[in-house]
Amino acid sequence: MIISNKKLTLVRNEVKDHGTQKIIEGHTPTNKDIVAIIDDVVTSGSSLLKTRKLLGSNILVQGYYVVVKRTKIDLGIPLSYLLSPTDLK
């Protein structure tokens, strides 16, 4: 069991027509928070950049973290990954 005092924010691709109907669920980061943006796969980086934009320009993003990095990209913020395409062959 992992115990952590970290807050969770989920940024949806689009507003759902059920539930809370919010694009940002959970904790809404403030300018006092340091944020890590986590995703499963990155190709162009557009999803990570969209999430960054939705959180607001006053939010400090520590880095992007993904499971699979499919291509070489520069997002202006450090990107860490677990696997590359060559690791999956």
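For the numbers below, each heavy atom of this structure counts, side chains included, while hydrogens, waters and symmetry mates do not. All residue numbers in this chain count up from 1 along the given sequence.
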Donor-acceptor pair, side chain of Arg70 and main chain of Ser44, under 3.5 angstrom: no
Distance, nearest 0.5 Å, that separates NZ of Lys6 from NE2 of His27: 12.0 Å
Side-chain heavy atoms of Arg52 within contact of Ile59, under 4.5 Å: yes
Exceeds 12 heavy-atom contacts within 6.0 angstrom, atom CG of Leu82: yes
Leu55 vs Ile37 side-chain heavy atoms within contact, under 4.5 Å: yes
Those residues that, when tested against Ser57, pass side-chain hydrogen bond (donor to acceptor under 3.5 Å, both in side chains) (two or more places apart): none
Straight-line distance of Lys69 NZ to Leu83 CG, nearest 0.5 Å: 12.5 Å
Identify every side-chain donor-acceptor pair in residues 71-81 under 3.5 Å, counting partners at least two apart or on other chains, and give the distances.
unit_1	atom_1	unit_2	atom_2	d
Thr71	OG1	Thr43	O	2.6
Asp74	OD1	Gly76	N	3.0

Heavy-atom side-chain contact between Val42 and Leu48 under 4.5 Å: yes
Steps toward side chain to side chain donor-acceptor pair (under 3.5 Å) verdict (Glu25, Thr20): CA-CA 8 Å; Glu25 298 277 358; Thr20 62; 2.5 Å; yes
Student check: side-chain heavy atoms of Val68 and Asp40 closer than 4.5 Å: no
Reported NZ-to-OG1 distance for the pair Lys53 and Thr51, which is rounded to 0.5 angstrom: 12.0 Å
Val67 with Leu88, same ILVMFWY side-chain cluster at under 4.5 Å: yes
Nearest heavy-atom neighbours spanning Thr28 and Ile24: OG1-CG2, 4.4 Å
Euclidean distance, Lys16 NZ relative to Ile23 CD1, rounded to 0.5 Å: 9.5 Å
Test side chain to side chain contact (heavy atoms under 4.5 Å, CB included) applied to Tyr64 and Leu49, Asp39, Ile38, the passing residue: Leu49
Neighbour count above 12 (heavy atom, 6.0 Å) for Asn58 CG: yes
